[in-house]
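All remarks here apply to the structure that follows.
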Amino acid sequence: MSSSSAVAHQHQHHHPQQGGGSGLVPLAALIKEDARTERRSGGGGDVGSRICARDEDVGGSGAGGEAAEEEARRQRPLLRYGCAAQSKKGEDFFLLRTDCPRPSTSASSSVASPYPIFAVFAVLDGHNGNAAAIYTRDNLLNHVLSAMPRGLSREEWLHALPRALVAGFVKTDKEFQSKGQTSGTTATFVIIDGWTITVASVGDSRCILDAQGGNVSLLTVDHRLEENVEERERVTASGGEVGRLSVVGGAEIGPLRCWPGGLCLSRSIGDIDVGEFIVPVPYVKQVKLSNAGGRLIIASDGIWDALSSEGAAKSCRGLPAELAAKQVVKEALRTRGLKDDTTCIVVDIIPPGQTMRPPSPPKKMNKLKSLIFRKKAKEPAQKLNKQHSGAGVVEEIFEEGSAMLSERLGPDSNGGRTSLSLFTCAICQVDLEPNEGISVHAGSIFSSSSKPWEGPFLCSNCRDKKDAMEGKRPSGVKVL
């Protein structure tokens with residue numbers, strides 16, 4: 001079984017509405033099922049579990065292999081997570097996967113991987129129905145993995161991940177739109193591999209990092225037209241109209257929306273009825289934690305419309321992840337009431353040898369954020385080798401938010417080690433004849449470095465999709 005098909009085999013758990021405590025799921029039952037959990041957040045209930053270092057053979061055989069395996073175990077962080085939700089519309093969904101096998105390392109690599117598995121957490125906030133959220137939950141991970149080259153070392157795999165996330169998001173959007181359904185969804189998709197966190201997002205579901213030391217950082221960007229000037233300019237340049245809802249008498253009310261369709265977001269998956277200038281290209285950020293660990297809070301806008309990032313982090317400090325997720329939801333409901341679906345996932349990344357996240361000391365008011373969130377040099381050879389000694393230091397490895405595929409899928413800078421095949425579409429992975437592929441750079445009027453002879457290459461359908469997203473031609477997909 002291939003890695004992409006292996007991770008598609010998931011268990012789904014449905015939990016009853018909360019009432020008299022009946023919606024609570026015993027932690028022991030979830031641990032017994034090897035932390036495999038995926039469910040629809042349909043009206044309350046909570047999920048909590050933990051991941052310990054697994055007994056994987058990562059060091060080969062013999063005494064040397066046993067020593068390498070033991071050292072790998074000592075390096076692995078422990079994950080504890082909790083999830084809580086309250087439903088109003090039934091359009092929030094989430095994904096919790098803790099046992100995704102990373103493809104084998106390259107044959108040329110003599111170093112055993114200390115992290116043979118990775119974890120995935122995602123929040124999907126649907127609108128105009130739940131079809132897009134369900135489809136994205138069920139297919140996005142496989143589409144990301146199918147876009148990853150094979151035979152990579154762990155460092156190369158992490159380096160290729162941001163580009164594969166872009167391809168996976170676009171493929172998910174393209175395939176869902178081909179069904180002709182008008183639903184749409186946000187997607188905040190988090191991959192944790194050892195101490196490295198990679199987040200890809202479209203829409204306004206958010207992921208924040210509460211690092212050890214009490215420093216809160218955003219790992220996503222809200223794609224709301226009301227707040228994001230750059231996105232408003234991109235949408236109008238691509239043929240969309242941005243304005244408020246007009247009522248009788250000519251008065252304008254509510255947030256800025258994109259017309260036709262009236263969507264408040266500039267990026268999403270689905271939304272075929274709005275226009276292709278609402279793009280599925282995600283903002284991607286990749287960071288590496290110090291060995292002091294940290295806490296992630298991943299939530300839909302039902303949380304963020306009620307709480308600031310700092311407020312959500314402060315509301316649950318000192319609590320284990322299972323209770324923290326419930327506390328964040330409780331605080332949001334106390335502040336604003338249940339006006340929207342409200343979903344929250346809390347993930348603690350805990351140093352080896354500890355059973356729960358150490359409490360964060362009070363934040364020093366005079367500590368500069370730039371000293372805590374430190375930008376890393378861009379040389380690929382140095383991307384993942386730096387040792388971290390300062391508690392709470394977060395190393396930024398990658399950040400990119402452009403909506404232009406020519407910039408997001410362009411040539412790799414590490415000598416082509418992770419480049420996709422010249423005879424495979426970079427988005428949908430269909431095989432191409434030698435003269436069939438169209439460069440992602442061809443006719444890219446928004447790109448300052450257009451090189452139509454360079455790969456990666458797209459099939460004709462994905463090229464049409466790219467052109468439609470840039471406002472150069474209609475998508476040609478009919479709404480049923």
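Since this is a predicted model, take the numbers as computed values, not measurements.
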To the nearest 0.5 Å, atom OG1 of T342 lies from atom CG of D125 at 9.0 Å

Taking every heavy atom of W304 against every heavy atom of S309, the minimum-distance pair comes out as CZ3-CA, 3.9 Å

Of all heavy-atom pairs linking H441 and S406, the shortest is CE1-O, 3.3 Å

| task | Evaluate the criterion side chain to side chain contact (heavy atoms under 4.5 Å, CB included) for residue pair V394 and L289; output intermediate values, then yes/no. | result | CA-CA 5 Å; V394 178; L289 300 184; 4.2 Å; yes

Evaluate T196 against L161 for side chain to side chain contact (heavy atoms under 4.5 Å, CB included), listing each step before the verdict.
CA-CA 11 Å; T196 302; L161 188 53; over 6 Å; no

With I269 as partner, the option from V170, V202, L124 fulfilling side-chain contact (heavy atoms from CB on, under 4.5 Å) is V202

May I ask you to decide if V346's main-chain N or O and R295's side chain share a donor-acceptor pair within less than 3.5 Å?
-> no

Rounded to the nearest 0.5 Å, the CD atom of E396 sits from the CD atom of Q286 at a distance of 10.5 Å

Q. Do the side chain of E91 and the main chain of G129 share a donor and acceptor less than 3.5 angstrom apart?
A. yes

Between T188 and C207 the two heavy atoms that sit nearest each other are CG2-CB, 3.9 Å

Side chain to side chain donor-acceptor pair (under 3.5 Å) between S300 and D92: does it pass, once the steps are laid out? CA-CA 8 Å; S300 62; D92 269 14; 2.8 Å; yes

Value for NE2 (H223) from CG (N228), rounded to nearest 0.5 Å, stands at 6.5 Å

Quiz item: Just checking, any donor-acceptor pair under 3.5 angstrom between side chains of T186 and S205?
Solution: yes

dist I192:CD1 -> T98:OG1 (nearest 0.5 Å) comes out at 10.5 Å

Taking every heavy atom of C83 against every heavy atom of L96, the minimum-distance pair comes out as CB-CD1, 4.3 Å

query: Judged by atom type as modelled, is there a donor-acceptor pair below 3.5 Å linking the side chain of N128 to the main-chain atoms of G184?
result: no

- prompt: Backbone N or O of F277 within a donor-acceptor pair of the R234 side chain at under 3.5 Å?
  reply: yes

Would you mind reporting whether D173 and M469 have side-chain heavy atoms less than 4.5 Å apart? no

| field | Validation row: L152, H159 side chains within 4.5 angstrom (heavy atoms) | value | no

Please examine the side chains of P282 and V166, heavy atoms only from C-beta on, and report whether any two atoms are closer than 4.5 Å. yes

Next item on the list: Before accepting this row, confirm whether a basic side-chain N of the pair D99/R97 lies closer than 4.0 Å to the acidic partner's carboxylate O.
Entry: yes

Item to complete: May I ask you to test the L263-H127 pair for a side-chain heavy-atom distance under 4.5 Å?
Response: yes

Applying side chain to side chain contact (heavy atoms under 4.5 Å, CB included), run through T136 and F169 and close with a yes or a no.
CA-CA 9 Å; T136 302; F169 269 67; over 6 Å; no

Between S268 and the options D204, V279, I278, the side-chain contact (heavy atoms from CB on, under 4.5 Å) test singles out I278

All heavy atoms of F176 vs all of S183, minimum pair found to be CE2-O, 3.4 Å

Does the side chain to side chain contact (heavy atoms under 4.5 Å, CB included) test come out yes or no for K174 and N461, once each step is laid out? CA-CA 9 Å; K174 177 173 173 283; N461 285 338; 3.9 Å; yes

- Going by the angle between their ring planes, with limits at 30° and 60°, are W157 and F118 parallel, tilted or perpendicular? tilted

*Identify whether the distance between the nearest side-chain nitrogen and carboxylate oxygen of D340 and K88 falls below 4.0 Å.*
no

Taken in chain and number order and not counting sequence neighbours, the residues that satisfy side-chain hydrogen bond (donor to acceptor under 3.5 Å, both in side chains) with H143 are T172, E175

Discussion item. Measuring only between side-chain heavy atoms, which start at C-beta, is D210 closer than 4.5 Å to I297?
Written reply: no

(Q) Is there a side-chain contact between V284 and E400 in this structure, where contact means two heavy atoms from C-beta onward sitting under 4.5 Å apart? (A) no

Closest heavy-atom pair, A299 versus V123, reported as atoms and distance to 0.1 Å, is C-CG1, 4.1 Å

TODO: Would you indicate whether the side-chain heavy atoms of I427 and K465 approach each other to under 4.5 Å?
DONE: no

d(K466 NZ, E276 CD) to nearest 0.5 Å is 13.0 Å

So CD of Q181 and OH of Y135: to nearest 0.5 Å the spacing works out to 10.5 Å

Does this structure show an ion pair linking R224 with E231, if we count only N-O contacts that are shorter than 4.0 Å?
no

Exercise for the section: Spell out, as yes or no, whether a donor-acceptor pair under 3.5 Å connects the side chain of R150 to the backbone of M148. Expected result: yes

* May I ask you to test the I350-P77 pair for a side-chain heavy-atom distance under 4.5 Å? => no

